[in-house]
Amino acid sequence: MLHDVVDFLMKFGPWGLFVHSMIDAIIFPIPALFLQVPLSLVNPHDALMLATVGYIGCLIGTPIGYLIGKLLGNSILYRILKKEWIESATNMFKKNGDTAVLIGSFTPIPFKVFTILSGALNFPLWRLLAYAAIGRAAKFYLVGGLIYFYGQAAEKMVHNASYYLFAGAVPLIVLFLFFRRRNRKKKAAKAAAAAEAAAAVSSENDGTVQEHAAVAAAEEETSASTTKPSDVNISTTPVSHT
């Protein structure tokens with residue numbers, strides 16, 4: 001039945017691919033690759049255009065899948081996808097959500113697993129969109145580029161494109177995450193040093209204020225102790241002699 005839906009969408013050419021890519025990011029269990037490839041092989045010169053259409057559809061569907069996860073949780077995934085896919089993606093999320101989404105954009109695991117899990121586990125939407133933009137672009141345009149340049153000869157190559165892309169992308173992703181983490185540690189260290197310096201300056205200022213207050217109090221006390229009482233005028237009444 002699901003393949004009948006794909007066959008139906010294929011009749012609409014690029015628009016069918018657009019819809020397929022969009023629902024692929026939401027809930028449809030068959031990846032858009034299964035429609036992108038045959039449409040591209042019909043006319044290899046349109047392969048890059050079709051890759052763009054599929055890419056845009058995927059980005060539009062991504063926040064919708066996220067919203068489904070936000071509202072319904074990830075239980076819906078178990079009804080439409082393999083249990084091992086869901087468990088694998090969930091474990092990746094628990095270890096590092098950024099890594100899960102970024103790598104998930106390249107893996108053979110259907111991307112809807114990551115869009116719905118992102119919503120269910122409250123992963124930031126803007127990060128999901130950013131990583132989807134990178135990973136899905138690589139996937140759509142790799143397939144489109146192979147067919148555009150190699151034509152019919154690329155038919156056997158594109159079916160393993162996800163695995164090749166995954167194998168090539170993972171080292172790059174690991175390096176990216178490594179340098180990003182190191183950069184964050186440097187920023188955190190600078191912020192801590194700045195806070196410590198500010199605290200030291202504040203403490204020094206407080207000490208100076210207290211010192212001035214003590215000096216002022218001492219001066220006031222000294223002034224009070226050295227003040228003489230007012231002279232008392234004694235008037236004498238002259239004694240008259242008779």
Side-chain angles (χ1 to χ4, degrees), residues 25-26 55-56 58-75 77 84-142 145 161-217:
I26 301 172
Y55 176 60
I56 294 173
C58 177
L59 291 184
I60 292 175
T62 295
I64 300 175
Y66 180 90
L67 182 61
I68 290 175
K70 194 84 170 177
L71 297 176
L72 303 179
N74 64 351
S75 58
L77 291 173
E84 55 267 27
W85 284 349
I86 302 168
E87 291 178 349
S88 176
T90 302
N91 289 334
M92 291 171 64
F93 254 102
K94 289 180 179 179
K95 293 179 181 178
N96 190 322
D98 288 349
T99 304
V101 176
L102 192 53
I103 293 180
S105 299
F106 298 92
T107 62
I109 299 175
F111 191 59
K112 66 192 67 61
V113 174
F114 297 94
T115 60
I116 294 176
L117 277 178
S118 295
L121 301 177
N122 294 315
F123 186 78
L125 177 59
W126 71 268
R127 288 188 185 179
L128 172 66
L129 290 171
Y131 294 153
I134 297 171
R136 305 310 280 178
K139 196 166 185 177
F140 275 106
Y141 284 104
L142 174 62
S162 295
Y163 297 97
Y164 298 145
L165 187 61
F166 176 71
V170 167
L172 297 177
I173 294 172
V174 170
L175 286 175
F176 165 76
L177 294 173
F178 170 77
F179 284 112
R180 192 189 66 171
R181 179 174 296 180
R182 190 173 70 171
N183 187 44
R184 284 182 175 178
K185 286 183 178 179
K186 286 183 179 179
K187 288 183 178 180
K190 287 182 180 179
E196 185 177 349
V201 171
S202 177
S203 177
E204 183 179 349
N205 290 338
D206 290 343
T208 302
V209 171
Q210 292 176 0
E211 182 179 352
H212 286 320
V215 171

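The stretch residues 64-75 participates, sequence neighbours left out, in no salt bridge (Lys or Arg N to Asp or Glu O under 4.0 Å) pair at all. The stretch residues 118-133 participates, sequence neighbours left out, in these salt bridge (Lys or Arg N to Asp or Glu O under 4.0 Å) pairs: Asp98-Arg127.
In this structure a side-chain-to-backbone donor-acceptor pair under 3.5 Å is present from Thr115 to Ala25.
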Which is it for Ile64 and Leu67 under the side chain to side chain contact (heavy atoms under 4.5 Å, CB included) test, yes or no, and what are the steps along the way?
CA-CA 5 Å; Ile64 300 175; Leu67 182 61; 5.6 Å; no
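Side-chain contact between Leu125 and Leu128 is present, with at least one heavy-atom pair separated by less than 4.5 Å.
The minimum heavy-atom distance linking Cys58 with Phe140 is given by the pair CB-CE1, 3.9 Å. Of all non-hydrogen atoms in Leu129 and Leu59, the two that sit nearest each other are CD2-O, 4.2 Å.
Between the NZ atom in Lys112 and the OG1 atom in Thr62 there is a gap of 11.0 Å [rounded to 0.5 Å]. Between Tyr66 atom OH and Leu71 atom CG the span is 10.5 Å, to the nearest 0.5 Å.
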